[in-house]
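All heavy atoms count here, side chains included; hydrogens, waters and symmetry mates do not.
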Amino acid sequence: MHRTFLLIGAILGFLGVAFGAFAAHALRDRLSPDMLAVFETGVRYQMYHAFAVVIIALAIGHAGNARLLVMAGWFFFAGILLFSGSLYALALTGTGILGAITPIGGLLFLIGWACLAVFALAK
């Protein structure tokens, strides 16, 4: 499982850098400053949580395939899809209803961090 999360984290980090460059170079003149900031928030949280997924991979490699670590990794991954994905879609399409998905992704991030904290306390 640690290799799976290492791969997921690496891909998400790669895409985060690519999306950040895309925003800086291709979207700067196409989006309003507010929508560009929304897109950049998605990139920022994607990168934070790509690092978190890599940390999960390393922790699983060290501590074993602990259930809470695996859960944290999947919650971080799902959070990126919903949180960052909804912000990207909102910024690019202007469809405001997509913003309603963002808090669900944020909640998934929080659950992932809680799983990691409970794992740390149980050790």
Side-chain angles (χ1 to χ4, degrees):
M1 184 60 62
H2 70 284
R3 293 185 70 165
T4 299
F5 283 125
L6 188 58
L7 178 61
I8 290 170
I11 291 169
L12 292 170
F14 176 92
L15 290 173
V17 172
F19 292 166
F22 177 66
H25 299 289
L27 297 180
R28 178 166 289 155
D29 296 330
R30 294 191 174 138
L31 295 180
S32 71
D34 288 342
M35 287 296 107
L36 187 59
V38 166
F39 194 93
E40 289 171 344
T41 297
V43 171
R44 185 171 49 255
Y45 277 80
Q46 178 171 336
M47 289 303 297
Y48 293 156
H49 290 88
F51 289 133
V53 171
V54 170
I55 290 167
I56 293 297
L58 297 174
I60 290 171
H62 178 73
N65 205 14
R67 183 172 180 254
L68 284 169
L69 290 176
V70 172
M71 289 172 54
W74 289 120
F75 280 120
F76 290 149
F77 178 61
I80 289 170
L81 293 178
L82 293 180
F83 185 90
S84 296
S86 66
L87 291 180
Y88 298 148
L90 171 63
L92 294 173
T93 68
T95 305
I97 193 70
L98 293 169
I101 298 169
T102 308
I104 298 167
L107 179 61
L108 294 175
F109 287 151
L110 292 171
I111 294 169
W113 287 110
C115 287
L116 189 56
V118 170
F119 173 80
L121 290 172
K123 284 290 173 177

Checklist outcome for this item: Residues Leu12 and Met47: closest non-hydrogen pair is O-SD, 4.5 Å

Checklist entry - Can you name the closest pair of heavy atoms from Val70 and Ile60 and give their distance? => result CG2-CD1, 3.9 Å

Next on the checklist: Within the structure provided, determine whether Phe76 and Phe5 are in side-chain contact (heavy-atom separation under 4.5 Å).
Outcome noted: no

Exercise answer: donor-acceptor pairs, residues 95-112 side-chain atoms, under 3.5 Å, sequence neighbours excluded:
from, atom 1, to, atom 2, distance (Å)
Thr95, OG1, Thr93, OG1, 3.1
Thr102, OG1, Ser86, OG, 2.7
Thr102, OG1, Gly99, O, 3.4

Under 3.5 Å, which donor-acceptor pairs do the side chains of residues 14-43 form with other protein atoms, sequence neighbours left out?
from, atom 1, to, atom 2, distance (Å)
Ser32, OG, Met35, N, 3.1
Thr41, OG1, Ala37, O, 2.9
Thr41, OG1, Arg44, NH2, 3.3

Checklist entry - Given Phe75 and Trp113, is the ring pair (Phe, Tyr, Trp, His ring centres under 6.0 Å) satisfied, shown in steps? => result CA-CA 9 Å; Phe75 280 120; Trp113 287 110; over 10 Å; no

Item to check | Cluster link Leu81 to Leu87, ILVMFWY, side chain under 4.5 Å | outcome: yes

Next on the checklist: Looking at every heavy atom in both Gly9 and Val53, which two are closest together, and how far apart are they?
Outcome noted: N-CG1, 3.6 Å

Item to check | From Leu68 atom CG to Leu121 atom CG, the distance as rounded to the nearest 0.5 Å | outcome: 10.5 Å

Next on the checklist: Check whether His49 reaches the backbone of Tyr45 with its side chain - one donor and one acceptor, N or O, closer than 3.5 Å.
Outcome noted: yes

Checklist entry - How many angstroms lie between atom CD1 of Ile56 and atom CD1 of Ile8, to the nearest 0.5 angstrom? => result 11.5 Å

